[in-house]
Amino acid sequence: MMGDAADAVVVRVVETKRRSSEVSPWDGLPGTLEQKSIEFSEKRKESLRARYLYGIIFLLANLVAWCARDYGQKLSPLLHYLKACGIGGHDCFQTMGVLRVSLGCFIFFFIMFVTTFSTSKLHETRNMWHSRWWPVKFIMLVVSLIIPFFVPSDFVQLYGELARVGAGIFLILQLISVIEFITWWNSYWMPDERKNHSCFLGLFTSTVVYIASVCGIGVMYSHYVPRPSCTLNIFFISWTAILLLVMLVISLHSKVNRGLLSSGIMASYIVFLCWSAIRSEPPIEECSPRKHENGHCDWTTVLGFIIAICAIVMATFSTGVDSQTFQFRKDEVQQEDDIPYGYGFFHLIFSLGAMYFAMLFINWNLESSTRKWSIDVGWASTWVKIVNEWFAATIYVWKLISPVVRQTKVMNHKEPVQEADTSI
């Protein structure tokens, strides 16, 4: 009996020591916990500020690509001495100049992707690398932009082919992010159990966006179909109107019952894509909205170019921050020391965005030249946007009907079991 009691005391002492050793050094110290919380808060703010600096870097790199395309010829005496730039330095401006700068931007953000991938906590060294060390990253950016001008043209041409694929992947990811945002907006403004004024605001917004979408269809018919022979534009606009009607009917179906807000916002989005596709038609075409342009750049052309650049940068930025949409597990609880967004995904989106920008500057065509102050103009650009519009509508419709289809499959799978139970 005495031996058993002694053994029990020893076991309890060992367990007590083991448990005390597992306790964190700062547990039970309110001052230390508060200090840690303040430190995590500062690191989180620093990480959030870093997003905008990367956005500025991305914008500046693409402005350099635009300068290489439109004004690179003025630097041809300097580029003449670079063997990789070919005779007269021609392979370092226009289309090839854009691809070289885009390759440098891609290299910079891909290195950031590799070095910050799988970062999860604010106290990790990779978090400091993402949010700090800006002089080092500036030097790395300059070196990344210079190296492609010493790369042979064949390799740059190969990068251009790969950039088409990367730009397509970027469009798909951006499209998924937009649809998820529309779904979130609809669930926020059109809830089941919410105050009446919130539902009224959602209905009002849905009515406005649908009216705007219908008006957009009418404006495109009046401006971009000057004669009955413009059959392609008639097809584009008419098919967009049909997609609007299909999304409206499915959203209001009794089995779906998703309301008007999400379908209305999606309708305005695909109307915008259709308008942007028609605007991208070559100016030499009779039905092109640019047919009256005589090659000179007025203030509207310059302003439209600047707005397009800023819009694409903002779209890239918002998609890169939206890493939660592409997580496989979305039920994880956010801890205090977790990073506010996925660093690896953020830099991956910007590296793909560099490819997408290159395709916009060269009109998705590796062989032809482009006009000054133009972006994303040509038949290749038109069809990319039209296919993107159709793909967006298809994904959204599937997102509406997929719960109904899955529920029907589950019910059909359970019916034989119910019949067997009844017979028994």
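In this text the structure is predicted, and so the values were computed from the model without any measurement.
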Value rounded to 0.5 Å, distance of [atom1] in [X] from [atom2] in [Y]:
X    : Y    : atom1 : atom2 : answer
C215 : M220 : SG    : CE    : 11.5 Å
C310 : L59  : SG    : CG    : 6.5 Å
F58  : L141 : CZ    : CG    : 12.0 Å
K399 : I250 : NZ    : CD1   : 14.5 Å
E161 : L99  : CD    : CG    : 9.5 Å
S268 : L244 : OG    : CG    : 8.5 Å

So, for [X] and [Y], which heavy atoms are closest and what is the spacing to 0.1 Å?
X    : Y    : answer
M359 : A163 : CE-CB, 3.8 Å
T119 : T116 : OG1-O, 2.7 Å
A393 : M266 : N-CE, 4.4 Å
L175 : A392 : CD1-CB, 3.1 Å
S213 : A267 : OG-C, 3.6 Å
A380 : N363 : CB-O, 3.7 Å

Applying salt bridge (Lys or Arg N to Asp or Glu O under 4.0 Å), name anything that partners R51, two or more places apart in sequence or on another chain. none
Would you kindly check if the NZ (Lys) or CZ (Arg) of K137 is within the cone defined by 45 degrees around the ring axis of W129 and under 6.0 Å from the six-membered ring centre? yes
Are side-chain N/O atoms of [X] and [Y] paired as donor and acceptor at under 3.5 Å?
X    : Y    : result
S263 : Y396 : no
S131 : R126 : no
Y71  : W66  : no
Y356 : T316 : no
Y343 : S47  : yes

Does any part of the side chain of [Y], heavy atoms only, come nearer than 4.5 Å to the side chain of [X], both counted from C-beta?
X    : Y    : value
V136 : W133 : yes
F361 : I309 : yes
I270 : W390 : no
S102 : F357 : no
V377 : T382 : no
I172 : F391 : yes
L400 : S251 : yes

Counting only heavy atoms not in [X] (residues, nucleotides, ligands), do more than 12 fall under 6.0 Å from its [atom1]?
X    : atom1 : result
W134 : CH2   : yes
K121 : NZ    : yes
F235 : CZ    : yes
W239 : CH2   : no

Walk me through whether F155 and Y159 qualify under ring pair (Phe, Tyr, Trp, His ring centres under 6.0 Å). CA-CA 6 Å; F155 183 82; Y159 167 76; 8.0 Å; no
State whether the side chain of S351 and the backbone N or O of L348 hold a donor-acceptor pair below 3.5 Å, judged by distance alone. yes
Okay, side chain of S238, backbone of I234: is any donor-acceptor separation there less than 3.5 Å? yes
Show your working on side chain to side chain contact (heavy atoms under 4.5 Å, CB included) between V225 and I237 and close with a plain yes or no. CA-CA 9 Å; V225 187; I237 301 172; 3.9 Å; yes
Residue pair M355, R164: steps toward the side chain to side chain contact (heavy atoms under 4.5 Å, CB included) verdict: CA-CA 7 Å; M355 294 181 170; R164 287 177 172 173; over 6 Å; no
Test H130 against every option in F113, Y341, F109, F117 by the ring pair (Phe, Tyr, Trp, His ring centres under 6.0 Å) rule and name the one that passes. Y341
Name the orientation class of the two ring planes belonging to F350 and F346 (parallel below 30°, tilted from 30 to 60°, perpendicular beyond 60°). tilted
Do K385 and E281 meet the salt-bridge criterion of a basic N to acidic O distance under 4.0 Å? no
If you take the centroid of each ring, where Trp contributes its six-membered ring, are F236 and W383 closer together than 6.0 Å? yes
Under 6.0 Å between the ring centres of H347 and Y54? yes
Might you work through the side-chain hydrogen bond (donor to acceptor under 3.5 Å, both in side chains) test for N233 and Y221, ending with a clear yes or no? CA-CA 8 Å; N233 286 355; Y221 270 122; over 6 Å; no
Could you check L243 against E389 for side chain to side chain contact (heavy atoms under 4.5 Å, CB included), going step by step and ending with a plain yes or no? CA-CA 10 Å; L243 292 177; E389 174 199 343; 3.9 Å; yes
Run the numbers on Q157 and S153 for side-chain hydrogen bond (donor to acceptor under 3.5 Å, both in side chains), then give the verdict. CA-CA 6 Å; Q157 195 79 13; S153 300; over 6 Å; no
Stepwise side chain to side chain contact (heavy atoms under 4.5 Å, CB included) check, F149 with L145: CA-CA 8 Å; F149 287 90; L145 294 176; 5.8 Å; no
